[in-house]
Every structure is written in C-alpha cells, then in structure tokens.
Visitor: 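One structure, pasted below without further comment.
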Amino acid sequence: METLGNSYTSFLKLKEKKSPKDQPFLYLYQASDLIDKIILNEKKILQTSNNEKEQECIVALLEYQKALVLVAVDEQSSAQSILLNCLKVLTNFSMDPRFAVPFIDINNQLAILWFDWGDHLKAKKFLLKAEESFEEFRKLDEVPYPDFLSKNVETNWNCLDETYTLTCYYLAQIFGALNLKDKSAEYCRKTLERQLDSRNLDKLTWALDSMTLSQYYTDKNAFYLAHHCLSCSEYIINKLKEDFKLCGEISETERLERTYADLNFIWAKFYLIGLKASAERYNLKPKDELDIELNKVNGDEEEVREENNPLGENLFEKLLNAPDFKKNQLKPRLPANFNDVTKNEAQKIFLQGLTCLESAKKFFVIDGFVTDHVLLCQDQSQFYQLLTTFESDPEKKIKLQKKRIDILSLILGSKLSPIHFQAQIRELQYELATCFEIICDLIVEHKLNFENFNEKHNLNSNKVSLFNDYILKAILHYSDFTNSFNLTGAVDSDDLIVIMTAKWRAARLYTRLIPIATLEGELGIIETQQKKLDWLKTSCKMFLEIKEYIKIKGTIEGFENEEILVENMIEIISSTIKEMESST
C-alpha cells in the first residue's frame, strides 16, 4: 500500500504541474501514463485479493483519476466510458466514507460532459443523484475521505461540502438551460450561501454571481432580496478594493473596476424596474387620490418602508454578521408598498438610479464600450420617462421629455457606425421619435385646442411653428428608422410590427400638422389649404403603402387592430382630400 501511496502522490504532482506553452499537455500525458501503470498493478493485485469488492473500488478510484486527466486533455468520450464504469462499481459503496466524495464527483463530472454535449436532461439526472447521495451521507455519523489516501478529518468534511457545492452550482446552470428560472435561482442562492464557507472563495466571482442572482429577484419584483444581493456584492467589492490597494495588484484592480461598473449598471436597473413598478401602480390610482398625493410633496419626508421577507433576513448570514456590513449598506431600499408610492419617494428612486448610471458611465465610455454606453443612455432616458408619471404639471412633463431628447440626440449624433451598431441606431431613432410625439400630445392636451383652431383664434404662430417642428422631427426619426430596413426582403416578424407601427405613426402625424400662412388675405387662405392638402396626400400615400404591403405579404400578426385603423384612415383622409379639392 505504501508503494501505491508513493506512486499515487507522484501522479498527483504530475497532474498539477504546469506544462510549457508549446506542449500544454506534457505533464498531463505523463500523469496519464503513470496512472495507467498504477491501475495495471492494482488489477494484478485484484486477481489474488481476498477482498475483491474493495480492491475493485480502489481500481475504480484510480480510473476515476485517469478520467479526470482525459477530460483535461479534451478526450471526453474516453473519459465518459471510464466514469460510467466507475459509477457502476461504486454505486453499492456510495455511503462508504472512503468512496462517498468520489461517487458524488463522478456524477458531477458525467453531468458536465452531458451538459457540454447538449443533453441537459441526462446531465440533470446525474446531478440529482449526486445531491441525493450527499444528503443521505450527511445523515450518517461518518467522516468522509476525499480519496483512499486522505487522513485529515477537517479536510475531508470540507472536500465533501465543496464537492456538493459544485453540484449545486451545476444544477443552477442546468435548470437555467432548461429555462426553469425559479429552480436555477434556488440553486444559485444555495451555491452562494455554501461558497461563503469555502476555504478557496473567489470573492470577485462570488460578487458577480450575487449580482446575477439579484437580477432574477429584481425581475420577480422581489426587491428586498435583490437589494440584499447587491449590497452583499458591494460589500465584497469594497473589501477587495482595500486589499488590492494594499498589495498593489494593477491587473486585479482593473478587473475590479470593471466589476464595480457592472455593479452600478445593475443597481441602476434595479432602481429603474422599481420606479417602473411604482409608476404602473400610480397610474391605477383614481384622480382624486392623485390630487391628494401630489399635495403631500412638500410635507415631511416619510420613513422608507421595508417589506417583511423571512428569506431576506437570513440570506448570506455570514456577511450579515460581519461588524461593518451595515455601514457599507449605503444604497437606499425601495418602498415596500408600491401601491402607495409618493411623488417624493419616486424622485428619490429616480435620483439614486441616475447616480448609479453616471458612475457606470465613467467606466463604460462610448470610446470602447459603445453597446454598454448606449444601454446606459437608454436607461437614463427611461428614468425621465417614468418620472413623468408622477408629474402633473404639463410644462414639467415637457421638460422631462426634452431632457430625454438631449440624452438620446447626443448619443445618436456621435456618428455610430451603421455597419456595427445598426440595432442601437434604430432603437435610438425610434425612441427619439416617440419623445417628440409625446411632447406634441402634451401640447395638444394642455396648451392648444387645435380642434377649434382657425384664423379668429389668432393662435400664436410661434407656438404653432414649434409644434410643427416637433411633429416633423418625430416623422424624420420614424422615417430614418423604417428606411433602415429592406422591406423587399425577409424581415423578422417582431421587427415588422415595429416598422409598420413607426410608418403608421408617421403617417398619422402628417394629419396633425397645422399650416401657417406666410401671405396675407385670400392668398394666405389658399396657401394654408394647399399645405394642408399636401400633408394629407403624403399621409394617405403612407397609409396606402402599409395597406399594399399587407396585401402582398399577408396579415401581420400583432398588427391586426392597426390594420383596421389604416383602412379607416385611408377612407377618412381620401374623403377629406376630395372635399378640399372640390372646394378650391
């Protein structure tokens, strides 16, 4: 057994030894040759052994190590057949302290192989078997051996726990691949909890995984848990910042800066989704309630309410018990009751979200991080849009829309390459068009009664010019958006709905333009009528183009209601054009 022990130790050293760059598998191949000799020798012993079953298990453990080497040198198929044989031998000994850890890991390794090969259900089967084996062994009053040579009791328990932690980690990936998001999040949380007790915790990876878990909770509107995950990530990152400053690791500091920027990006998304949830509930309130609510704005600040969440109280308890953890929880929580969010609370969420975005933008600059920078600007725009929900003053609503226009125009005007960033350009064009259209709606609703407009009203021509300018800019951006697609070829169905909607909106906007006379008297009247007639003809032409496209390509799923409106608009506008032409 001593000879085996020495040979096995030599194998482990070779397996862990770093190979030269020009021969990346040199020592692994040497380790493979050595383990083959050890296995051959143990099989000879098996032929004369008095304890055949136990010797078979020892051979199986050695072959398991051989399989790990084969995986490392990209010989997965060979590794899989060996692992299956090992599993068969060790199945009846899975509760034996000498073989419990390898049995769990063999299931893990087989699951990884099948996951890589795309068979997620088979991978899940092996992982659930590993979990079942771990839970059964934990009930026993036995100390596990990571392999048959180990004698360190503490290390053994750690090895068992860390092997099962990997099982949880892989289960999180498998359930994610199977689109079982709740189960995936459950095992992700479990993995993170267990990793905090690990001897070899990769703190930066842990922080990133906790940030990812927070996004799941945010999407579920479980904001208490999402906030807690992000706070834990921030606590870990701040600790790492201090460590890296002391040791002066420049490469790690750069990686940390990227992670911190990602964290602020996710914090911003957290507050954006929270503000959206608040706005949706705010819109459901009766008008008399809103009037009372708006009058509270200048009152005393309300204490931020927190939801009662039992899971949140114990989530990542090891961090919670750290003496300086609460001091690092600087980001405010969201109100617990989204049915009762005040304008004041909404403004706080808005400002906190913008602060996080600005922090992220310092790293994700447009020169080098175009996609991320555009996303940050779009989120910034959405914060202003959501804040309008809580604003009753139309002038302030228009200012918020203008702020969105400034943000989006700046990024669109930065000459993004249509070859590389066509998708981003299209999104910016469409969103800018909607901003201008919203301003027009606000002007019509709160400032100008265009339905009764005529010369007697003596409407301020400057205001009408400004109104027309907003409409023409909305039309321009909608047109730029639609023109960027080739409608003669195949178009994605989701894109097609948006394209037709943009075309439909642009066509409708032409009907809202108000002609202003530059000439006096009768000539002025003729001039305005001609302008109106030209705009109506343009509008009708655009609606007819939509109708013709649908006629050729067929009904667009999801655009059926607009299709009916297109028919109605063509009829109404055509009738109006005939009346105007007959009266001149």
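The structure presented is a predicted model; accordingly, all values stated were derived computationally and were not measured.
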Visitor: Taking all non-hydrogen atoms of both residues, which atom of Leu68 and which atom of Asp105 are closest, and how far apart?
Guide: CD2-OD2, 4.5 Å
Visitor: Assess the residue pair Lys66 and Ser32 against the criterion (side-chain hydrogen bond (donor to acceptor under 3.5 Å, both in side chains)); give the C-alpha distance rounded to whole Å, side-chain angles, the decisive distance to 0.1 Å, and a yes or no.
Guide: CA-CA 6 Å; Lys66 164 75 175 181; Ser32 179; 2.5 Å; yes
Visitor: Under 6.0 Å from the NZ atom of Lys129, do we count more than 12 heavy atoms belonging to anything else shown?
Guide: no
Visitor: Please tell me whether Phe350 and Tyr271 form a close aromatic pair, meaning their ring centres lie under 6.0 Å apart.
Guide: no
Visitor: Would you check if there is a donor-acceptor pair between the side chains of Gln380 and Glu358 at a distance under 3.5 Å?
Guide: yes
Visitor: Is a side-chain donor-acceptor pair under 3.5 Å present for Glu431 with Ser381?
Guide: yes
Visitor: Is a side-chain donor or acceptor of Asn85 paired with a backbone partner of Ser81 at a separation under 3.5 angstrom?
Guide: no
Visitor: Looking at every non-hydrogen atom in both residues, tell me the closest pair between Pro97 and Val143 and how far apart they are.
Guide: CB-O, 3.2 Å
Visitor: Between Asp161 and Arg138 (salt bridge meaning N to carboxylate O under 4.0 Å), is one present in this structure?
Guide: yes
Visitor: State whether the number of non-hydrogen atoms from other residues, nucleotides or ligands found under 6.0 Å of Asp141 atom CG is greater than 12.
Guide: no
Visitor: Report yes or no: is the cationic atom of Lys343 (NZ for Lys, CZ for Arg) under 6.0 Å from the centre of the six-membered ring of Phe390, at an angle within 45° of the ring normal?
Guide: no
Visitor: Take a 6.0 Å sphere around CG of Asn200 and say whether it holds more than 12 heavy atoms from other residues, nucleotides or ligands.
Guide: yes
Visitor: Between Phe316 and Trp206, is the ring centre distance below 6.0 Å?
Guide: yes
Visitor: Do Glu54 and Arg98 meet the salt-bridge criterion of a basic N to acidic O distance under 4.0 Å?
Guide: yes
Visitor: Quick one: do the Tyr187 and Glu131 side chains pair a donor with an acceptor below 3.5 Å?
Guide: yes
Visitor: Set out, in order, the CA-CA distance, both residues' side-chain angles and the distance that settles side-chain hydrogen bond (donor to acceptor under 3.5 Å, both in side chains) for Tyr8 and Lys13, then state yes or no.
Guide: CA-CA 9 Å; Tyr8 184 73; Lys13 287 180 179 178; over 6 Å; no
Visitor: Is it the case that the side chain of Asn108 and the backbone of Thr163 share a donor-acceptor pair, with hydrogens and angles ignored and the cut-off at 3.5 Å?
Guide: yes
Visitor: Side-chain contact, heavy-atom cut-off 4.5 Å: Arg281 with Val341?
Guide: no
Visitor: Around atom CD of Glu135, are there more than 12 heavy atoms of other residues, nucleotides or ligands at under 6.0 Å?
Guide: yes
Visitor: Determine yes or no for a side-chain-to-main-chain donor-acceptor pair under 3.5 angstrom, with Gln55 supplying the side chain and Glu42 the backbone.
Guide: yes
Visitor: To check you understand the geometry: which heavy-atom pair defines the closest contact between Leu240 and Leu256, and what is its length?
Guide: C-CD2, 3.8 Å
Visitor: Which heavy atom of Ile82 sits nearest to which heavy atom of Ala67, and what is that distance?
Guide: CG2-CB, 4.0 Å
Visitor: Which heavy atom of Ser210 sits nearest a heavy atom of Cys232, and at what distance?
Guide: OG-CB, 4.4 Å
Visitor: State whether the number of non-hydrogen atoms from other residues, nucleotides or ligands found under 6.0 Å of Lys15 atom NZ is greater than 12.
Guide: yes
Visitor: Can you find a pair of side-chain heavy atoms, one from Pro144 and one from Phe137, that are under 4.5 Å apart?
Guide: yes
Visitor: So which heavy atom on Lys203 is nearest to which on Ile236, and how close?
Guide: O-CG2, 3.4 Å
Visitor: Do the ring planes of Phe369 and Phe364 sit parallel (below 30°), tilted (30 to 60°) or perpendicular (above 60°)?
Guide: perpendicular
Visitor: Any sub-3.5 Å donor-acceptor pair from Thr191's side-chain atoms to Tyr169's backbone N or O?
Guide: yes
Visitor: Tell me whether Ser214 contacts the main-chain N or O of Met211 through its side chain, where contact means a donor paired with an acceptor under 3.5 Å.
Guide: yes
Visitor: Report yes if the side chains of Ile349 and Gln347 come closer than 4.5 Å at any heavy-atom pair, otherwise no.
Guide: no
Visitor: Please determine if Asp182 and Lys220 form a salt bridge, counting it only when a charged side-chain N lies under 4.0 Å from a carboxylate O.
Guide: yes
Visitor: Quick check: does any side chain N or O of Asn238 sit under 3.5 Å from a backbone N or O of Glu234, one acting as donor and the other as acceptor?
Guide: yes
Visitor: Any side-chain heavy atom of Asp209 sitting closer than 4.5 Å to one from Leu213?
Guide: no
Visitor: Distance only, no hydrogens: is a donor on one side chain within 3.5 Å (strictly under) of an acceptor on the other, for Gln80 and Trp117?
Guide: no
Visitor: Are the charged groups of Arg258 and Asp262 less than 4.0 angstrom apart, N to O?
Guide: yes
Visitor: Taking NZ, NE, NH1 and NH2 as the nitrogens, is one of them in Glu63 or Lys43 under 4.0 Å from a carboxylate oxygen of the other?
Guide: yes
Visitor: With a cut-off of under 6.0 Å to the ring centre and 45° to the axis, is Lys241 in cation-pi contact with Tyr260?
Guide: yes
Visitor: Could you check if a side-chain atom of Val69 sits within less than 4.5 angstrom of a side-chain atom of Phe11, using non-hydrogen atoms only?
Guide: yes
Visitor: Would you please indicate if the ring centroids of Phe223 and Tyr217 are separated by under 6.0 Å?
Guide: no
Visitor: Mind checking whether His227 and Trp267 have side chains closer than 4.5 Å, heavy atoms only?
Guide: yes
Visitor: How about Tyr64 and Leu90: do any of their side-chain heavy atoms sit closer than 4.5 Å?
Guide: no
